[in-house]
There are 2 protein chains.
Amino acid sequence: MRPSSPRQAAEPVRQEGLRSINLELVFRHILAAPAPISRTELATGTGLTRPTISRIVEELLAGNLITETGLTHDGRAGRPRVGLSISDKGPAGLGLDIRSDGLAACVVDLTGTVRHLAFAPSTYADQGAPAVLAELARMAGTAIEATAAEDLTVVTATLAVPGPVDAGMVRSAPALGWRNVDAGALLRGATRHLAVPITVDNEANLAALGELYASDNTLSSFVYVSGGLGIGAGIVLDGQLLRGVRGWSGELGHVTVYPDGKPCPCGSRGCLQTYASLPAILSDEPVPPHSTPDAAVTGRADAGDPATLAALDTAGTALGIALSDVINILDIDTVLLGGAFSLLSSWLTATIRTELNQRVLTAAWAPLTVRPAQLGPDAAVIGAALTAIDQIRQHPTAWLLR
Amino acid sequence: MRPSSPRQAAEPVRQEGLRSINLELVFRHILAAPAPISRTELATGTGLTRPTISRIVEELLAGNLITETGLTHDGRAGRPRVGLSISDKGPAGLGLDIRSDGLAACVVDLTGTVRHLAFAPSTYADQGAPAVLAELARMAGTAIEATAAEDLTVVTATLAVPGPVDAGMVRSAPALGWRNVDAGALLRGATRHLAVPITVDNEANLAALGELYASDNTLSSFVYVSGGLGIGAGIVLDGQLLRGVRGWSGELGHVTVYPDGKPCPCGSRGCLQTYASLPAILSDEPVPPHSTPDAAVTGRADAGDPATLAALDTAGTALGIALSDVINILDIDTVLLGGAFSLLSSWLTATIRTELNQRVLTAAWAPLTVRPAQLGPDAAVIGAALTAIDQIRQHPTAWLLR
DNA sequence: CGGTTTAGGTCAACCCATGAAACAAACCCA
DNA sequence: TGGGTTTGTTTCATGGGTTGACCTAAACCG
């Protein structure tokens, strides 16, 4: 017999552990503060005493996790507060993304702001995985070099991939033509001189994480739907990314919409992807040279092309059906349309809402929100870079003891 | 900006807090042990020292959470160990369930064993919620009285209800004919003399919890599908019940299977319920008097009635489609067929497996399990009783400070 | 310009949980 | 019966956090 929550500390806590627990508590308080916060405010906020706060703050300052931002004069009598806020120097995260229209790299500092963002348009359709990853490795090198000049140290790099990943192995990424590619090992080989640990994760998961951070406390549970050559989803419940048993959650593109519908390359029939991915919306119309699927669809929709508008309507309906399943199963009240869908949201949201209101059992007595994502196509790179930041944020002690 | 996991301690940890953390650690170790465990074994297992263990054990003994089970002579030299195991006296949980065929009450002790199980066949179709809950209150009274004689103290009662619940309010339970019934308040009123706090929760969620406990460490992520007059699901991921934003997760019965299919009372079309619930499988055939829908279906299937077998086939297909959505979205690898489905599993599993293998993207490289649940129709009552136990197990300190 | 007010640091004394080492208890075996 | 062995307990030292007092720094106010 087992307790239903095995995710508790398995290690005993000694006095020194107590110190690190309180250190993390203080650090979280600084993170959560909307503006620089003083030591005294921290003391009242956390319940710890000022001497303890002072000691912890000293430790955080020494570790480059926070900085003193100078005095704040708020007009009141008395000595002004010394503001403390998250440091914009020190540890940083590197994100890498393989998009439908090119490669992207991005560095984010501890405060969550993007300090470097590079994009290289490229068609990797004719290249193999090693070539693509070598190019990404080059971009990673310049990103690290550029941000090192600003006193940033990249601690982890995360690669976003459109498809299920497990332990660095990309099981299947049809958009890239990859099957069982060990992207982790390849990228690790190409970046050996940089000495940065590499992680590989699903693109939609990472984008969801990016949106979570960007939402600034207002969102804590949502489904991020990523539209592109395929369709993926990142599910965040109570501020926590749901990864599933093996990290393969969010395969929304293969949710069955019409059981006897169009055949899908995956072997099934009626998958959402066959109705709502960009190729499906484009039907058989070819994409003009020097354009991208994203641009082609928005261009035709803006021009009022009836076939495209009809395709967008079927896509919206299919998305609505699939999302109503997600909501009935998980009870989540917010849907973010990301990737290419963020550009197409004005043609999709109404249709999706109609389906949700009809099909979600609880929609009758609790409203649902459907809206475009904030970060647009950069969500995944930014989210990838944020994973490193997230780890430090949750376990600052690990960084201090590096 | 926020850390992605807000579920961390918001309170500072002082020395006493440290003690309770280690107390919980030790308690979990005793829970996880397959047999009575000695103080020294606890010391080596947890990493704490023997003196600390002794003090903590003393505290647990005083609080009636564990008991000494006598000396174990294993033939080796040295002083014999004093076995420690979870107490079968002290705190207990009370579960109440409104089933399609009657009312059930159950008391479970800290070890997770059922100490009292009562069932009252009843047709509440013609009665109102107050009458049903008054009867349940009577059953609760006798259950508490009976187990008090065995030194058990019921700390919380949990009512299982087939439908979405929020804060004691039953939003909609078509199987009972309830809509917006404040079951929590009604039951609280009827049990005022018992002075036991009341919780109300979804039946499928509770049954999933029951199965989780009954599985004895072998299961940690699964979907429990509860078949009956409606269809619900309880989702357990990594030993944790997924409740969703408002606790309305698992509405599997209203997942869309055929978008343009049969109309459902909920207002949508093609819901799973309209193909796989017991009424759907029975089609228009009336249930004989003095029988139940469960018995009618199994009887006809056993007899080889072609219409029933065909209906079971459509039900299995529909279940497979809906479950493939769940798995594509959540990446869970085990499905437990519960409620009436546990009795019907021999007619359902093959069909369900076929659909899953076709429609789940990752099924190609990772196997899925579909099998009947262990506890049968009592899963929900037992699970309901276990919620109280679960709380004590996760936060034994709260019980000690009662 | 000096008094007041607030932020922050520093120092003692104390509390309390854990760790280390010594000690008592209860078994085996010869 | 006595030595060896393992278990559980007692005693003392350690160390972190708290409380409280006292002090300095830096603003406002009359």
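Reminder, nothing fancy here: chain letters follow the sequence lines and each chain counts from 1.
Between the CG atom of B:L25 and the P atom of C:dT18 there is a distance of 11 Å, rounded to whole Å. Put simply, CG on A:L84 is 11 Å from C1' on C:dG8, counting in whole angstrom units. For A:I56 and D:dG16, the CD1 to P distance is 12 Å, given to the nearest whole Å. Between B:L42 atom CG and D:dT6 atom C1' the separation is 16 Å, expressed in whole Å. Separating the CG atom of B:L23 from the C1' atom of C:dT18 is a distance of 14 Å, rounded to the nearest angstrom. Between A:E41 atom CD and C:dA7 atom P there is a gap of 8 Å when expressed in whole angstrom units. Between the CD1 atom of A:I21 and the C1' atom of C:dT18 there is a distance of 14 Å, rounded to whole Å. Going from atom CZ of B:R19 over to atom P of C:dG19 covers 13 Å, rounded to whole Å.
Listed nucleotides: C:dA26, D:dG8, C:dG8. Nearest to the side chain of A:V82: C:dG8. Comparing C:dA21, D:dG17, C:dA17 by their nearest atom to the side chain of B:R55 picks out C:dA17. Minimum atom distance to the side chain of B:P51 is reached by D:dT10, of the listed D:dT10, C:dG8, D:dT19. Set against D:dG17, C:dG8, D:dT7, the side chain of B:R81 has D:dT7 as its closest nucleotide. When the nucleotides C:dT18, D:dG8, C:dA7 are ranked by their closest atom to the side chain of B:R50, D:dG8 comes out on top.
Checked by distance alone, B:R79 brings a side-chain donor or acceptor within 3.5 Å of a matching partner on the base of D:dT7.
Between A:R39 and A:S54 the shortest side-chain heavy-atom distance falls below 4.5 Å.
OP1 or OP2 of D:dT9 has at least one side-chain nitrogen or oxygen of B:R39 nearer than 4.0 Å. Contact annotation: A:T49 side-chain N/O to D:dT18 OP1/OP2 distance is under 4.0 Å. The side chain of A:S54 contributes no N or O atom lying less than 4.0 Å from OP1 or OP2 of C:dT10. Look at A:T52 and you'll find a side-chain N or O under 4.0 angstrom from OP1 or OP2 of D:dT18. Using a 4.0 Å cut-off, no side-chain N or O of B:N22 falls inside it from OP1 or OP2 of C:dA17.
Looking only at distances, a side-chain donor or acceptor of A:E211 sits under 3.5 Å from a matching main-chain atom of A:Q374. The backbone N or O of B:R246 lies less than 3.5 Å from a partner atom in the side chain of A:D331, making a donor-acceptor pair.
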Kindly determine whether B:T69 and B:S85 satisfy side chain to side chain donor-acceptor pair (under 3.5 Å), including the steps that lead there.
CA-CA 7 Å; B:T69 55; B:S85 59; 4.6 Å; no

Run the side-chain donor-acceptor check on residues 144-156 of chain A: report pairs under 3.5 Å with partners two or more places apart or on a different chain.
residue : atom : partner : partner atom : Å
A:T147  : OG1  : A:A143  : O            : 2.8
A:T147  : OG1  : A:I144  : O            : 3.2
A:E150  : OE1  : A:R115  : NH2          : 2.9

